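Everything numeric here is computed off the predicted structure, so don't read it as measured data. As a basis for the values below, the full set of heavy atoms in this structure was taken, side chains included, without hydrogen atoms, waters or symmetry mates.
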Amino acid sequence: MAQKRALVIDLDRCSGCDSCIVACKFENNVTLGNYWCRVIAMGPVGEYPNVEMYWLPVHCQQCENSPCIGVCPTGASYRDAANGVVLIDKSKCIGCQYCMYACPYGVRQYNAAQGVVEKCTLCNHLTANSDGIENIADTADPDHAVPPCVHNCSCGARHFGDLNDPNSGASKALAAAQAAGKGVHSLPDRSGASPSTRYILSPEVASWDAPWKGMM
Amino acid sequence: MMEASQADGTSSAAPKPPAGLEERTSRLNKVVNRNPTHREIHYKTLRYCLTQRLEHEVEEHIASFPEFGYASQSPYHLLSFLVESGGIDVIELDHDGLPIAPERVSGLSEDEHDDLVAQYSYKTNDAGERLVEQMSPKNRLEELLGIVPDYYETYIEVLGFLQERHDLGSIDTLLRGRDVLMAGRDPDDRPIQPSVFIDKLEKAGGIYWENGWLITSEGKELLDTLREKKED
Amino acid sequence: MQKVTMTRRSFVKSATVAGAALALSTRLTGSLVEADQAWAATPTDRKMYVSICHGCIQACPCRVYVEDNIAVKIEGHPLAPTNLGSLCLKGLNQLHTMYSPRRVLYPLKRAGDRGAENAKWERISWDDAIELAASKIADAIEKYGTYSFFASVGGGGAYSFMQAMTIPMAFGSPTVFEPGCAQCYLPRFSIANYMYGGSDQSIADCAVLEPFKGLSPYEAARGVSQDTKVIVLWGAQPSVSQTAQSGRGMAELRAKGCKTIVVDPNMSPDAVKATVWLRVRPATDGALILAWYRYIFEKKLYDEQFVKTWTNLPFVVDPDTHLPLYAREVFPGYQQSTPANTPAYVCFDLNTNALQPLEYGSTSVNPEVFWKGEVNGKQCRTAGQIYKDTAEPYTLQKAAEICWVPEETIEEAIKIYAEAPVAGIANGVPSDMQQIASQVPLGCCGLDMIMGYVNKPGATLTQNPGGMGGPALPGPPPRPTTSFNGFGGMFNMVYGIGYVVGATEEENAARIAAQPPGMMPGGQGALYVMNQLLLDRLGMKNHKGLYQWAHSHIPSVLEAIKTGIPYKPRVWYDMSGNKLAMLGNAGSWYDAFKEVDFCICQYPMLTSFQVETADLVFPLEEWLEATGASEFGQLNYRFPSPGIVHLGETVPNSVPPQKVVNAASKKLNDALAAGRQIVFGATGAVTGAGPATPSQSSTAKDDELQTSKNATVYHGNDPAQFELSFPFGMGLMGGSQEESVIQQTHAASFGAPSYQAFMDDVGTYQEPFGAGYDTPNPLFVTDPKAYWVYGQHLETAADGLPVGFGTESRKCEVYCTLLVKMAKDGHPYCYPRAQEPVDISIGQEIKDQNPSYEYVGTYSPICQHIEPIESPIEGELGYDPEYPLVITSGRVYYFHHGTMRHAAFARELYPVPDVRMHPKTAEKYGLKHMDWVEVTSRRGTITGRVYTHAGMHEGVLWMERFWNPECFDSSQSHKTGGWRECNINVITKNTAPYNEVFGSYTNRGFTVNIKPGKRPEGIWVQPKEFEPFLPTQNNQYVDGLGSALKLEQTPIVKFSDWDPNAAPMGGGL
């Protein structure tokens, strides 16, 4: 079965600390002003004492029908043949930025210094074969490595793995959330891109929809 | 690198406008009083340069101050602070020992300008002169003596005591346990340390340290004046 | 372990990348690796070490990866029992801190005039630097006496706390301060200690550990349970301030269904996720706490058995002394059956309906908690009744009105807290920064005590053996006692100073009498001097709580520097980062710098403070370089902190103070030996050849000394014993001469035969689960059964009674009698020589602010509400329509105290401080989200950016401390110190009224006005502007002259290459 590698993020836990952004920057040498992961404050909605909000980390959603691949004139935007991860081959990228227009979530960034587009790669260089369940003796173990944004998350909110493998870290987190009756969401999808990334958010913590209503 | 104060190209013959003198003196005051270990050095340098001096003369003079032993900058640096803060003007001298007028250097390259200069001389300007007047130990001491009437007699006694060199220990032994240390204080407070008198007299230019505390010449003058007045 | 390609992680970028600079701030020619754009095919060896991040106070275990002597990656340690692998952005940014172009790598001497605009530096040798510092100190001491020296240190997480606290003593001076201390943790730490002799309610300072028990799957697998089901975060936001450690812990707790109540004016992440959020008006927590008491008393929700048995609330109190009556005072001739160190008090006994003696451990008496009546001809109340009466006005409605929180919300919170089987309060730092710094922890600890939430699973008031614990001493435990002078009573133990609470007066006196004469620690002479140093410490008469950490009252120190009265501190050794960003009303300090003769600093970088005023800077190691920088564990685990990499000539923080003390002591001892006198501020002139002649009589107020012709300043002590030498007493504590000694000791504590073995075999000697990564190594992990212990007070003591608590009554003193005694004469600190009482004007100040104030006299032994002196409420004493908005502060995730403002990856996310406000507030003042805004208090004006947030109360603003290191970047044409532009500490308040016990001034909960502003000149805002902060070869503080002359300087890359014995050494220790 084709792999569906993605992140599952528990927004009940996410405190908006931005550590995932910085972990990514160090791992991938992302230049100042560019962010492969951004964390958006959703809300607050309401007035005290009935006020709520949550934080939403946004990065490449690993869409199943990636519009970014379709529009790329050179094939720089591609899906990895082995594990299905959407990636960019910088050596082929001409920096036309069509993919940036096509991406419904604005997660691609133009790197002016290199003249290419870049984005979250799920740290495929570390995780290509990983099941997303870390080996505590060796976090670089390629069978079990997770992206540093997942390892270092200060709330234990991030999970990684192949959602088509029920034993992956991401699948287990998703299954637990569903079993507990928590809300599982994905970003609004008007273009049929079918994002793979999943967000867990319980209504007691905040309403997923409420802030969107103000923004759309 | 110090800059000649008349490098703006205006004629040196034009009189400086009196406006701004207060401000310039105040700015200089801040620099002169910015570091207690440099204060007296700055004051005495400004006073020394009321007469135009050559650079090496100033440096040697600074190095001769007893206070210089406690400074943490070289004489050159100390002099440069006074120039940068607008208390002393730099006057470039040519190989004949004459001041170089701005007209001679306008239009020259930096190297050509440098070739003309044989040495630098320094003269305290109007702001420096004004500060010297304000900061004279006589003025400072008189002000000090008037601030806390209860301390007056003790200041006079200490100045008298320090006509001979004494270390702090002797002064402390002289004063420790005396009522004056509690003067004006809440009865439940601690007494002041005897060193307070030393600190204040030094800050007023009345005493200085050189292997012990000693009265300055200005301190002696004031002491003699006050004693004469008393006898009158 | 897989070998990994390194080049992605290299700090070297190829020359084609625009704007990038090359590698590192050491000139490690030959070690620089060139990078390709794509990944190199050749793998490079990568070594992993375990260490402890020192990015904030909590110190998170981490793994550090090193390639070619360069630290290239840090990540959270998966076995850390609270972190569970988390590491926050503060930790991640440590790589950019370690390799910042702002690092100071060599001793620097100021080469120009003071002031940021002029700042120039000259590199000097270590020998010269030590000699310079030592001569400045020795000269000043010889000229002005030992009180001319003073020290200061930084706040929570500061490395040099012990060194800074003891270096003044080494020179015979009483003056040391820290901008935190009374404004951070000291009040909460001390009050808990006073109330029950135990651990306080601070999460940040790792006093509260119980809630994080059992979160680790490894611990859970060993049968450790997770027992905290209800927790109150009273002015704490672990998710922000200790993001990866207790922040992670809070996330785990909430995920496990723990209910949380958050008290915070700001909608922090913990407030966002709280079960109930009480959005309290800043500085009104006293009223809210008293409302909790009132509700709990009224509904009888308190643990009645615990209150009767284990608190002093049933004791009848004398209205004149404010102290509980002893049984012998009401029942003359009464002989108590308990030992002399466990007094009998008086209660109203419900069994006999009469006043009765109340003995500790008695089961025959049923004391009434709330009683009033006549005793010995006076109208008396029990402590419980006093508390009840104080709380009476604070109905839910009243609290709602004062605190701006709806009644229903307050009630909901109280019910969750009080109806739980067990709960606990974690009391955070805001109250320490307010006038109510003693009142709030009195209230919060008292609440947990009346609820019986003490020494129980799931509570916050629990006691854990420190560090590795160790086997219990054989035999039953003794009657507990508490020593208060210094951490853990260290000065009690060393000098004998201070009254040991829980021992009798006779025992205390006997201990003092038994001390031999002489100046060695433990001798009568040293005791005399130590006592005098306490009495002469600035500001202590009114704020005696500061003795807990032997610190001075900051505004009093400032006043002494400015005026020279009662003595002038004038040579300064600071061991911290940016005093100008952290001190309240920073401008008032700046104005006093011109009175300071010489300022010595030590820090890894230059901040505003060094740039404006330091004359000499010692370069310190960052934690990645320093062995044993953090001797912290996490819960029952220990983790090592090896020095992993090294740059330049940096040294551990413990080295410069030791060398300076040695060198200055030698100069002073030489002077004494040559017959010159040194004035020891505490005693007067001394020589090495013998003591000074006793002088004439003293009229100073002193209990022991009466005005007398024959009395000497030595107060009856034999002057022959004051033969002083330097360093005084114990000298510097925590100092070291050589890093290699630190390394050996550290390695040995983890079972390694040598430091080399420690560093070579990380799996065995650094990993808590050893090389197999499966079972815990007992050298690293304490058996949870020995660590998580409860009910200590219920065990049987050697005297056959329940152990109890280390207080005079042996109970939890919810009515804190120690504070009443302290105000009178400095008990328990100033013993054997007592101090004058607190000025009654302080109590009067409080009464003026609060006319309905119940308690008369200082210090209050119970919680109080005090309306902030800068009040936003019209009609209140301190109201001024010019300053209508209340402002408070709190952390943001990006920074710890004054650190990390140089971290480019932090600054691009948070370049300038937000001024948080409600959107309606912004609108009212003509502002929009992200506009520049000027914030003005009675002290001055600063600038920030508007951040609108609907969670804010419309009358409240919130802004974190800030300073801008770019303002003195070498690229700036006009340099400033960067501390005036956006720093809230320019406008905070360091004037009276202070907290009565600790002298805490006001950093939070004062009033301001706002209006549109503009971007300050010189500050950086856009991400790309922060390029100069990225690691580069162009370190800013390498000697400019040396570079210009192209002098060949061989950088020292290993500390062991530098011979510390070459530095001037002194006599003395």
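Using a 4.5 Å cut-off between heavy atoms, Asp18(A) touches chain C through backbone and side chain atoms alike. When heavy atoms are compared at a cutoff of 4.5 Å, Asp774(C) does not approach chain A at all. Leu79(C) touches chain A through its side chain: at least one heavy atom from C-beta onward sits under 4.5 Å away, while N, CA, C and O do not. Proximity to chain C is limited to the backbone of Cys14(A), based on heavy atoms less than 4.5 angstrom apart. Only the backbone of Val30(A) comes within contact range of chain C, with heavy atoms under 4.5 Å apart. With a 4.5 Å cut-off on non-hydrogen atoms, Cys153(A) touches chain C through its backbone but not through its side chain.
Salt bridge status for Glu767(C) with Arg63(C): present, with a side-chain N to carboxylate O gap under 4.0 Å. With salt bridges taken as basic N to acidic carboxylate O contacts below 4.0 Å, none links Glu908(C) and Lys1024(C).
For the set Asp10(A), Asn135(A), Val22(A), the entry with the most heavy-atom pairs within less than 4.5 Å of chain C is Val22(A). Per-residue heavy-atom pair counts under 4.5 Å with chain C were compared for Gly156(A), Ser91(A), Cys20(A), Pro148(A), and the maximum is reached by Gly156(A). Comparing Cys88(C), Ser239(C), Ala255(C) by how many heavy-atom pairs each has under 4.5 Å with chain A, the most go to Cys88(C). Heavy-atom pairs under 4.5 Å with chain A peak, among Val276(C), Leu89(C), Thr243(C), at Leu89(C). If you tally non-hydrogen atom pairs under 4.5 Å between each of Ala112(A), Pro44(A), Gly46(A), Ala180(A) and chain C, the highest count goes to Pro44(A). Of the listed residues (Tyr894(C), Phe769(C), Tyr910(C)), the greatest number of heavy-atom pairs within a distance under 4.5 Å of chain A belongs to Tyr894(C). Taking chain A as the reference chain and counting heavy-atom pairs below 4.5 Å, the highest number among His918(C), Met267(C), Arg254(C), Glu1025(C) is found for Met267(C).
Ring geometry, Trp208(A) versus Tyr54(A): the interplanar angle falls under 30°, so the pair is classed parallel (tilted spans 30 to 60°).
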Evaluate the criterion side chain to side chain donor-acceptor pair (under 3.5 Å) for residue pair Asn167(A) and Asp162(A); output intermediate values, then yes/no. CA-CA 9 Å; Asn167(A) 294 317; Asp162(A) 174 9; over 6 Å; no
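Side-chain contact annotation: Asp12(A) with Ser202(A), donor-acceptor N/O pair under 3.5 Å present.
Within a 6.0 Å radius of OH in Tyr105(A), other residues, nucleotides and ligands contribute more than 12 heavy atoms. Within 6.0 Å of atom NZ in Lys259(C), 12 or fewer heavy atoms from other residues, nucleotides or ligands are found, so the atom counts as exposed in its surroundings.
Of the possible donor and acceptor atoms, none in the side chain of Lys90(A) sits under 3.5 Å from a partner among the backbone N and O of Val117(A). A donor-acceptor pair under 3.5 Å is absent between the side-chain atoms of Asp264(C) and the main chain of Arg279(C), judged by distance alone. The main-chain N or O of Gly132(A) is never found under 3.5 Å from a side-chain atom of His144(A) such that the two would form a donor-acceptor pair.
The aromatic ring centroids of Phe26(A) and His96(C) lie less than 6.0 Å from each other. Ring-centre distance between Phe1026(C) and Phe905(C): not below the 6.0 Å cut-off.
Of all residues spanning residues 403-413 of chain C, those with a heavy atom less than 4.5 Å away from chain A's heavy atoms are Val405(C), Pro406(C), Thr409(C), arranged by number.
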